[in-house]
Amino acid sequence: MMRKSVLVTTVVAALAVGLGGTLAQDATVPTPDMVALTPTGDALTARRELMDAIGTNNDVLHEMLDGYLEWDGVEFKARLEAMGAMMTAFPNLYRAKPNPWTPEAEAADPAGASLALPTVWEDWETFNAMAKQASETMFKASLEKRANALPIVEDLEAQCESCHAQFRTPLELNPLEQYVGPLGTPAKP
Ligand code: HEC
């Protein structure tokens with residue numbers, strides 16, 4: 001009896017050590033340096049504001065490329081660089097505890113509900129990789145002159161749409177086009 005219980009204790013202890021070892025290597029188990037000091041609601045607002053600003057900046061780039069706003073190489077570069085930085089920050093504003101979009105959350109508090117779909121948490125690796133890729137594309141385009149930047153900005157547009165199709169609830173946007181774009185007078189036809 002005695003020997004058996006010692007054996008059981010040893011096996012349990014060995015399992016615990018083994019399990020501890022596995023957990024320590026698992027990136028999904030947060031270590032203290034991965035735990036945020038801000039509440040999830042603040043992170044949610046920040047990521048929505050970031051994405052909204054990325055969207056407005058992106059609209060301005062397209063207005064310039066389409067000739068509705070005057071071309072300004074310095075502004076074009078600065079906006080892309082800012083977008084790249086915002087895109088780098090964006091995935092860092094998600095918490096391990098899911099708070100995906102639901103019709104109820106939207107109805108209760110439209111500005112305080114996340115637009116993110118559950119897929120963000122289900123396929124975090126892909127989501128994070130797509131965010132990194134988009135920020136790299138933004139920085140890459142920021143280093144180019146107008147002619148070379150154009151195809152990169154178009155490629156970026158496809159990256160926005162592809163990520164939204166997988167990870168964001170469909171959204172009726174209020175495009176800047178409403179204020180300038182085709183409704184405005186082209187600065188340089
Ligand atoms: C890696 C995925 C990803 C990429 C790339 C991406 N987005 Fe988003 N976007 C999201 C997600 C997810 C949300 C919802 C965020 C939330 O509410 O948590 C969102 C939200 C938005 C919103 C709504 C903001 C709001 O809350 O009112 C706009 C506008 C937007 N994105 C524009 C863009 C544009 C423009 C690009 C490309 C230049 C882009 N996004 C690239 C994932 C992405």
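Atoms within a ligand are numbered from 1 in the order they appear, just like the ligands themselves.
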Next item on the list: Consider only side-chain N and O atoms of Thr56 and Asp59, and report whether a donor and an acceptor are under 3.5 Å apart.
Entry: no
Note to self: Quick check on Lys140: does its NZ atom have over 12 non-hydrogen neighbours (other residues, nucleotides or ligands) under 6.0 Å away?
What the structure shows: no
Item checked: Atoms in ligand 1 with a heavy atom of Phe167 nearer than 4.0 Å -> 12 (C)
Notebook entry, point to check: Looking at ligand 1, does Gln166 have a heavy atom less than 4.0 Å from it?
Noted result: no
Item checked: Within reach of ligand 1, part of Leu115 (heavy-atom separation under 4.0 Å) -> both
Note to self: Is any side-chain heavy atom of Leu143 closer than 4.5 Å to one of Phe139?
What the structure shows: no
Next item on the list: For atom 37 (C) of ligand 1, grab the closest protein heavy atom and report residue, atom and distance to one decimal in Å.
Entry: Cys160 SG, 1.8 Å
Check: Any side-chain donor-acceptor pair under 3.5 Å between Arg168 and Thr119?
Finding: no
Check: side chain to side chain donor-acceptor pair (under 3.5 Å) with Arg79: which of Asn57, Asp72, Asn58?
Finding: Asn57
Item checked: Nearest-contact summary for atom 6 (C) of ligand 1 - protein heavy atom, Å -> Met51 CE, 3.3 Å
Check: With a 4.0 Å heavy-atom cut-off (strictly under), which part of Met87 contacts ligand 1: side chain, backbone, both or neither?
Finding: side chain
Notebook entry, point to check: Is there a donor in the side chain of Thr126 and an acceptor in the side chain of Gln166, or the other way round, less than 3.5 Å apart?
Noted result: no
Item checked: Element-labelled atoms of ligand 1 that are located less than 4.0 Å from some non-hydrogen atom of Arg48 -> 17 (O), 24 (C), 25 (C), 26 (O), 27 (O)
Next item on the list: Please identify which atoms of ligand 1 are closer than 4.0 Å to at least one heavy atom of Gly55.
Entry: 35 (C)
Note to self: Distance under 4.0 Å to a non-hydrogen atom of Asn58: what atoms of ligand 1 satisfy this?
What the structure shows: 35 (C), 38 (C)
Next item on the list: Using modelled atom types only, decide if a donor and an acceptor are shared between the side chain of Thr169 and the backbone of Trp101 within a distance under 3.5 Å.
Entry: no
Notebook entry, point to check: If you measure from atom 9 (N) of ligand 1 to every heavy atom of Met86, His164, Gln133, which option wins on shortest distance?
Noted result: His164
Next item on the list: Check each atom of ligand 1 against the heavy atoms of Arg47 and keep those under 4.0 Å away; list them by number with element.
Entry: 16 (C), 18 (O)
Next item on the list: Look at atom 1 (C) of ligand 1 and say which protein heavy atom is nearest, naming residue and atom and giving the distance to 0.1 Å.
Entry: Cys163 SG, 2.7 Å
Item checked: Contact check, side chains of Pro91 and Trp124, non-hydrogen atoms, under 4.5 Å -> yes
Margin query: Checking a contact table here: which protein heavy atom is nearest atom 21 (C) of ligand 1, and how many Å away?
Written below: Arg168 NH1, 3.3 Å
Notebook entry, point to check: Do you see a donor-acceptor pair shorter than 3.5 Å between the side chains of Ser114 and Arg47?
Noted result: yes
Next item on the list: Could you grab the distance from atom CE of Met87 to atom CE of Met130, nearest 0.5 Å is fine?
Entry: 9.0 Å
Next item on the list: Show which atoms of ligand 1 fall inside a sub-4.0 Å distance from at least one heavy-atom site of Ala134.
Entry: 5 (C)
Check: Which residue supplies the protein heavy atom nearest to atom 11 (C) of ligand 1, what is that atom called, and how far is it?
Finding: Phe90 CZ, 3.7 Å
Item checked: Within the 6.0 Å centroid threshold, strictly below: Phe127 and Trp121 -> no
Item checked: Closest approach of any protein heavy atom to atom 15 (C) of ligand 1, naming residue and atom -> Tyr94 OH, 3.4 Å
Checklist line | Flag side-chain contact, heavy atom, 4.5 Å: Trp71 against Leu65 | finding: yes
Check: How does Leu171 reach ligand 1, if at all, at less than 4.0 Å between non-hydrogen atoms: by side chain, backbone, both, or neither?
Finding: side chain
Item checked: Nearest neighbour of atom 16 (C) of ligand 1 from the list Ala131, Ser114, Ala53, Ser162, on a heavy-atom basis -> Ser114
Notebook entry, point to check: Just which atoms of ligand 1 are under 4.0 Å from any heavy atom in Met138?
Noted result: 38 (C)
Note to self: Is the contact between Ala116 and ligand 1 made by the side chain, the backbone, both, or neither, using heavy atoms and a 4.0 Å cut-off?
What the structure shows: both
